[in-house]
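What follows is a single structure, written as structure tokens, with notes after it.
Since we're looking at a predicted model, the values are computed, not measured. Chain letters run A, B, ... following the sequence lines, proteins first and then strands; every chain starts at 1.
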Amino acid sequence: MGLSMLELLQLLKRRKVNYKIVDSTIELLVDESIYSVDVLHKCFYWYSSGYDITILRSDIADGCLQVQISPKNKSNEFEADCLISRIKQDLIDYKLRDIVTKETQSIRELIIAKAFAYYNLDTNPATDVSDPVGFNPNHDHVNG
Amino acid sequence: MDNLPVKNTRKFKTEEHYNNSSSYHLLPFRFHRITSLKEVLVNEIGDFLLVPIGTAKAIITKSFTRNENEELYGDLIANFFISETPIPELLDVLAVRYRTRKSFLDYFTSLHIFVITLRCEHTCHYCQVSRVNKDIDAFNMQKHHINAGIDLMMKSPNPDITMEFQGGEALLAFDKIIYAVERTKVEAQKYNKNISYVICTNLAPLTDDILHYCKSNNILISTSLDGPDYIHNQNRHRPQKNSYELAIDGIRKCRETLGEENVSALLTTTALSLKYPFEIVDEYYSQGFRNIFLRPISPYGFATHNDKKNKYETSTFLDFYKTALGRIIEYNLQGQFYREDYASIILKKVLTPFPVGYVDLQSPAGMINNVIVFNYDGKVYATDESRMLAEMNDYTFLLGTVEDSYEDIFYGAKALELSEYWLNETLPGCSECAFQGYCGSDPVFNYATQGSLVGFRPTSAFCQKNMEIIRYLFELMDSDKRIEKVFKSWIVGRT
Ligand code: SF4
């Protein structure tokens with residue numbers, strides 16, 4: 001991660017995403033040091049049912065990625081303002097998800113490896129496991 | 001006194017420690033907006049916290065401090081969302097909790113479905129598989145196939161096995177069921193298995209002899225009830241137009257002989273049902289049922305490969321579901337116990353540390369891991385829906401025949417290929433979804449509706465349905481503490 005958490009927070013607060021609309025295509029220009037290709041792919045995946053999405057390295061701005069978003073059905077009315085603010089929010093959310101994923105990757109691997117290694121079927125939790133509703137573990141079939 | 005060393009303990013830390021905003025480390029968790037005010041944080045082991053919008057951002061960017069909200073900080077630490085050490089001190093507990101969440105895998109396949117006959121005396125318009133053919137034996141399971149199916153079933157590592165007879169109309173081949181049960185009883189003793197028997201039937205061919213055999217062998221009856229007569233009879237065609245009357249009469253007889261708890265009913269939701277949420281809920285209640293399973297319309301048949309239509313069908317179903325659920329909650333708020341089963345499955349995953357053995361909502365998927373289907377012709381399929389596809393000449397989920405070896409069927413090349421797609425942890429869209437642990441993966445559904453085993457979440461009816469139902473359940477719990485109490489009563493059972 002190229003930025004400190006504080007810088008990142010400030011950038012996220014300003015929601016620094018530039019865009020322009022050409023015909024019915026929105027062209028977003030995003031700083032790759034904030035929004036990586038991974039983040040863009042995960043975010044725009046959810047838009048790809050209604051929009052054609054192209055993600056490119058920008059040839060006009062160094063260190064930037066360009067995202068082209070055009071509706072699949074051209075006759076659909078294009079509510080750019082609404083769409084842009086949704087995209088900005090989603091970009092932040094996916095950036096946050098990316099931070100957690102990257103920062104916790106090894107701990108996640110450790111949990112899963114420990115969970116399945118040296119497993120003995122009779123093992124019970126060594127510590128009190130929280131059981132918010134006092135549920136009996138022996139009756140675990142609701143259906144099916 | 002001045003010379004005493006400063007002692008670091010877990011409980012007491014220096015003042016600077018608490019003012020340092022980034023003194024904690026993140027643990028794996030995901031988040032999802034529930035309403036315009038609230039979001040839910042869900043960690044790797046399925047524990048959740050409902051918090052104001054913006055909390056996830058504050059935690060992740062470490063602009064959140066302990067001083068700001070001691071209670072939340074404590075919750076985040078205690079529930080494994082953040083840790084004060086790079087590796088949490090209770091890592092082993094986390095690992096055991098993770099293992100518990102996946103413990104439905106421990107014993108492998110439990111549900112063995114025997115499609116004992118394809119014959120049926122109904123002509124339901126949505127049914128893909130039945131034959132009204134009078135040529136009795138051509139569409140019945142042959143004895144050598146039954147024997148081979150039982151041999152495979154005995155090889156399952158699972159000590160507790162459910163043997164389910166399906167059709168067509170299973171009772172039309174009751175002699176085959178008797179043969180299968182008698183043989184299984186002997187084999188089960190040899191292999192030390194506990195077998196639960198279930199017959200799925202519309203009850204039309206029910207006789208006293210059948211009932212007595214079921215009684216003496218502890219066979220459970222699972223029947224169909226689609227709502228009041230004007231829905232049920234419309235859905236389930238019979239020349240005499242009396243499917244509803246036969247079902248109700250059959251349910252009464254089964255209850256008298258087998259006991260109330262040994263008879264259950266399943267709802268098939270059709271386009272017609274969607275107009276009658278109240279009537280269907282009320283019908284189940286007045287017939288003495290205290291649970292109902294609001295299942296969505298099956299995509300196998302009429303809703304395949306059409307994204308727009310699927311989306312429409314799913315949002316209509318969701319409206320139906322919410323209205324019906326509201327009605328069921330009303331009964332509960334008036335002091336009656338009445339449970340919706342789909343919500344209960346999800347709520348158990350949300351509110352307890354335990355998994356649920358429900359094949360359509362788990363990861364790894366239920367196919368092969370929890371269910372296997374032996375078709376009437378000796379073919380083995382990964383799920384019940386897989387054989388429906390096969391009836392439409394699509395053999396993607398054909399694993400082999402009952403004569404193949406256990407290893408070839410359950411651990412063979414086909415099973416291995418399917419295993420690439422049965423973890424939602426690795427599927428696009430699902431991998432970052434907060435509801436991952438409550439939801440599941442269903443490659444058969446993906447394939448049937450979208451033509452690919454991976455599926456495409458933005459237009460997936462499976463995703464649209466589950467994401468909205470799970471979100472809605474959180475919204476309901478948050479909106480009214482009385483509803484949360486009702487939901488908890490559904491998990492622990494009748495109170
Ligand atoms: S199917 Fe949808 S709701 Fe379920 S885990 Fe995947 S993305 Fe989430």
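- With a threshold of 4.5 angstrom between heavy atoms, B/R457 approaches chain A through its backbone and through its side chain.
- Heavy atoms of B/F104 lying under 4.5 Å from chain A are absent altogether.
- In this structure, A/Y45 has its ring center under 6.0 Å from that of B/F456.
- Contact between B/F81 and B/N43 at its shortest, heavy atoms only, is CE2-N, 3.5 Å.
- With a 4.5 Å cut-off on non-hydrogen atoms, B/C463 touches chain A through its side chain but not through its backbone.
- Ranked by heavy-atom pairs shorter than 4.5 Å toward chain B, the options A/T101, A/I112, A/D93 are led by A/D93.
- The heavy-atom pair separating B/K481 from B/M477 by the smallest distance is NZ-O, 4.2 Å.
- With hydrogens and angles ignored, the 3.5 Å screen pairs no side-chain donor or acceptor of B/S431 with any backbone N or O of B/P428.
- Only the side chain of B/E44 has a heavy atom closer than 4.5 Å to any heavy atom of chain A.
- Rounding to the nearest 0.5 angstrom, the gap separating the OH atom in B/Y438 from the OG atom in B/S363 is 14.5 Å.
- Neither the backbone nor the side chain of A/S106 comes within contact range of chain B; no heavy atoms are under 4.5 Å apart.
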